[in-house]
Engineer: 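Supplied in structure tokens, the structure appears directly below.
Predicted, not measured: the structure shown is a model, and the values here were computed from it. Here is the naming used below: chain letters follow the sequence lines, and residue numbers restart at 1 for every chain.
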2 protein chains.
Amino acid sequence: MRSRRLEYSESTRSALVESAVTLFTKHGYAGTSLDEIAKRARVTKGALYHHFSGKQALFEAAFDAVERRVHAELTEVTEGDGAPWDRAVEGLRTFLTICLEPEYQRIVIHEAPVVMGAERWREAESHYSYGVIRSILNDLVESGHLGAIPLEVTANLLFGALSAAASMIAGSADPKDVSARTEEVIVQVLRSVRASAAAGTPDTDAGPARGKRSAAHIADKIRTKVAGDPSGAGER
Amino acid sequence: MRSRRLEYSESTRSALVESAVTLFTKHGYAGTSLDEIAKRARVTKGALYHHFSGKQALFEAAFDAVERRVHAELTEVTEGDGAPWDRAVEGLRTFLTICLEPEYQRIVIHEAPVVMGAERWREAESHYSYGVIRSILNDLVESGHLGAIPLEVTANLLFGALSAAASMIAGSADPKDVSARTEEVIVQVLRSVRASAAAGTPDTDAGPARGKRSAAHIADKIRTKVAGDPSGAGER
DNA sequence: GTGTGCGGCATACTGACAGTACGGCGCGGC
DNA sequence: GCCGCGCCGTACTGTCAGTATGCCGCACAC
């Protein structure tokens, strides 16, 4: 039988995480004191340090909480059974929407790389939004919508572009407009790439550009190990 | 005549900035104390506070120092008199190289948005690297290499993609390889877009594409109202 | 060349905050 | 009903950003 003690404990823990999400979103990591977080959760630092090893660990818990929500929302859209292209566009749209949420913006996109370190952040992201984007791209490649592209590199570029877009959109005077135009541009680019791949003309054009080592050797490297660690998302 | 006093003063100031650049790069903003910075510059905090209003102001001075160096390096390449397309590709390559420098990576790309606030950072960037990218794109459009694109939005997407790429490259096991592949992908995409524009076929093709559902409804969902604290990101 | 003002900097202090030590209290098992 | 341990509160410590204040010597006046 579920113990009362355990229930209390989990309740305070989640209260702390929720409080942390709220305050980190509003004032940032450096601008938020542990006393504030504890106070908002109606406990003291003693409780906080009982559940988390320190400020950074608490931040990561908050990060995970936000990411899990977002991930659920994303996969719901992208793992449907529609055509890959449609799911991709819909996923794109959903991700842009998510990026407008202050929690995701500030905690995941802006603060996390600094607080957790770029290394850990990248690692964590590969299990969440970044991973979704990569798998969407993979679907597009496998279904023939995109030609041979280095998966990891392309996914990374796309993810970076989308994050920057989110930041710009949220900071703009007319978010709806900027958001719509952003989506247009990305879809347009994807279509161009698709068309280019379909035309079977991997370029070779008459540019005065550099050496001919272009499209050929790219294909060699398409399959950069999608692997990732098979263990279920390493919780701290 | 140039006063001796003034010379000393400027020397102290630049020593502080240089020290700040070094230490912020190595240990980050939060991980560096003002005493360390002062000590490395062989002065005390008194001198530091004489020249700068606080830690944040010192960071911004360090930021500016790095940006100015980079900007000079970039414009030297992109403001030549070659063909727009060549200058673009060369600029792209140069920027990717710059992104490998730890100073630029950590101070400009990673820490600055958090320390200065995304708002200020964006504003500052528009005078530096981001501005260069935008003007390169503008040249490409005017010279007919790219079709009609929303300049700001596209430049922002490209800048975000490049920043993310830089981060990935620096963190990878084989930076040169990843860097090369990144360049390939971007150039490839640009070529596709160029081809698509040249073909005068803004798509509409017979893909499994979806209906013309309005892109604008995205922003309806911006639930929380951006929540920005306009002050320089709650730092302390 | 002597006085004087002020810019440039050092020293000493204050408040805030992350992290630690330790103790009490109540739930759950016996 | 009693004991132990897990949960949490209280009180303290060290560190660091920022402030208050004063000294020292260069430059300029005369």
Side-chain angles (χ1 to χ4, degrees), chain A residues 1-20 22-24 26-63 111 114-117 236, chain B residues 1-24 26-63 111 114-117 231-236:
Chain A
M1 161 188 169
R2 182 176 177 71
S3 117
R4 182 168 219 81
R5 243 177 122 80
L6 189 60
E7 229 169 60
Y8 287 163
S9 175
E10 285 182 2
S11 168
T12 56
R13 190 196 142 94
S14 67
L16 280 166
V17 172
E18 196 181 331
S19 169
T22 303
L23 292 177
F24 284 150
K26 214 180 301 186
H27 308 119
Y29 182 78
T32 305
S33 78
L34 294 183
D35 283 314
E36 287 179 79
I37 295 176
K39 186 177 177 186
R40 189 184 168 87
R42 290 176 304 164
V43 290
T44 65
K45 266 199 311 191
L48 196 158
Y49 274 94
H50 178 76
H51 286 283
F52 304 95
S53 64
K55 193 178 185 182
Q56 199 161 325
L58 177 57
F59 178 88
E60 296 193 15
F63 172 87
E111 306 257 352
V114 174
V115 175
M116 301 167 61
R236 184 201 207 311
Chain B
M1 161 188 171
R2 182 177 178 73
S3 120
R4 181 167 219 80
R5 251 176 116 78
L6 189 60
E7 229 169 58
Y8 287 162
S9 174
E10 285 181 4
S11 168
T12 304
R13 191 196 143 93
S14 67
L16 280 167
V17 172
E18 196 182 330
S19 169
V21 168
T22 303
L23 292 176
F24 282 151
K26 213 181 303 184
H27 307 119
Y29 182 77
T32 306
S33 78
L34 294 183
D35 283 312
E36 287 180 78
I37 295 176
K39 186 177 177 186
R40 188 183 170 87
R42 290 176 304 161
V43 290
T44 65
K45 264 197 316 188
L48 196 157
Y49 274 95
H50 178 75
H51 287 283
F52 305 95
S53 64
K55 192 177 185 181
Q56 200 162 326
L58 177 56
F59 178 88
E60 295 193 17
F63 172 87
E111 305 256 348
V114 174
V115 175
M116 302 167 59
S231 78
E235 214 288 318
R236 157 165 328 261

Engineer: Between P on dC16(D) and CG on D35(B), what's the gap in Å once rounded to a whole number?
Structural biologist: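 Interatomic distance, CG of D35(B) to P of dC16(D): 7 Å.
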Engineer: Which pair of heavy atoms, one from A38(A) and one from L16(A), lies closest together, and at what distance?
Structural biologist: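 It is CA-CD2, 4.2 Å.
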Engineer: In terms of side-chain heavy atoms of T12(A), which of dC16(D), dC8(D), dC27(C) is nearest?
Structural biologist: dC8(D)
Engineer: If the condition is side-chain hydrogen bond (donor to acceptor under 3.5 Å, both in side chains), which residues does E10(A) pass it with, not counting sequence neighbours?
Structural biologist: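 Testing E10(A) for side-chain hydrogen bond (donor to acceptor under 3.5 Å, both in side chains), a comparison that skips the adjacent residues, returns R2(A).
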Engineer: Rounded to the nearest angstrom, tell me the gap between atom CG in L34(B) and atom P in dT14(C).
Structural biologist: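 Between P of dT14(C) and CG of L34(B): 20 Å.
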Engineer: Could you give the CD1-to-C1' distance, from I37(A) to dC17(C), as a whole number of Å?
Structural biologist: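 After rounding, the gap between these two atoms is 12 Å.
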Engineer: Could you grab the distance from atom CG of L48(B) to atom NE2 of H50(B), nearest 0.5 Å is fine?
Structural biologist: 11.5 Å
Engineer: For A47(A), check side chain to side chain contact (heavy atoms under 4.5 Å, CB included) against everything at least two apart and list the hits.
Structural biologist: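 A47(A) satisfies side chain to side chain contact (heavy atoms under 4.5 Å, CB included) with V43(A) only.
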Engineer: For H51(B), enumerate each residue passing the side-chain hydrogen bond (donor to acceptor under 3.5 Å, both in side chains) test, keeping only those at least two apart in sequence or located in another chain.
Structural biologist: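 Testing H51(B) for side-chain hydrogen bond (donor to acceptor under 3.5 Å, both in side chains), a comparison that skips the adjacent residues, returns none.
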Engineer: Considering only heavy atoms, which members of residues 41-52 of chain A lie under 4.0 Å from some atom of DNA chain D?
Structural biologist: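 Going residue by residue through residues 41-52 of chain A, the ones with a heavy atom under 4.0 Å of DNA chain D turn out to be V43(A), T44(A), G46(A), A47(A), H50(A), H51(A).
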Engineer: Scan T32(B) against the nucleic acid and name what it touches under 4.0 Å (heavy atoms): base, sugar-phosphate only, or nothing.
Structural biologist: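 Sugar-phosphate only.
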Engineer: Could you work out, with ring-ring contact (aromatic ring centres under 6.0 Å, His included) as the rule, every residue matching Y49(B), not counting sequence neighbours?
Structural biologist: none
Engineer: Which heavy atom in Q56(B) sits nearest to a heavy atom in M116(B), and how many Å separate them?
Structural biologist: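 Nearest heavy atoms, Q56(B) then M116(B): NE2-CA, 4.4 Å.
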Engineer: Return the set of residues passing side chain to side chain contact (heavy atoms under 4.5 Å, CB included) with V114(A) (not counting sequence neighbours), or none when no residue passes.
Structural biologist: E111(B), V114(B)
Engineer: For H27(B) and dC16(D), give me the distance from atom NE2 to atom P, rounded to whole Å.
Structural biologist: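 Those two atoms, NE2 and P, are 12 Å apart.
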Engineer: Which parts of residues 13-22 of chain B get close to DNA chain C, meaning a heavy atom less than 4.0 angstrom away?
Structural biologist: none
Engineer: What nitrogen or oxygen pairs link the protein and nucleotides 21-23 of chain D at under 3.5 Å?
Structural biologist:
none

Engineer: Return the value, rounded to whole Å, for the distance between atom CD of E36(B) and atom P of dG18(D).
Structural biologist: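 It works out to 15 Å between those atoms.
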Engineer: Rounded to the nearest angstrom, tell me the gap between atom OH in Y8(B) and atom P in dA10(C).
Structural biologist: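 For the pair Y8(B) OH and dA10(C) P, the rounded distance is 14 Å.
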Engineer: Which residues pass the side chain to side chain contact (heavy atoms under 4.5 Å, CB included) test with A57(B), sequence neighbours left out?
Structural biologist: F52(B), S53(B)
Engineer: Does anything in residues 30-41 of chain B form a side-chain hydrogen bond (donor to acceptor under 3.5 Å, both in side chains)? List the pairs, not counting sequence neighbours.
Structural biologist: S33(B)-E36(B)
Engineer: To the nearest Å, give me how far apart CG (L23(A)) and P (dC17(C)) are.
Structural biologist: 13 Å
Engineer: What integer distance in Å separates E7(B):CD from dG8(C):P?
Structural biologist: 13 Å
Engineer: Quick one: ring-ring contact (aromatic ring centres under 6.0 Å, His included) partners of F59(B), sequence neighbours excluded?
Structural biologist: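 F59(B) satisfies ring-ring contact (aromatic ring centres under 6.0 Å, His included) with F24(B), Y29(B) only.
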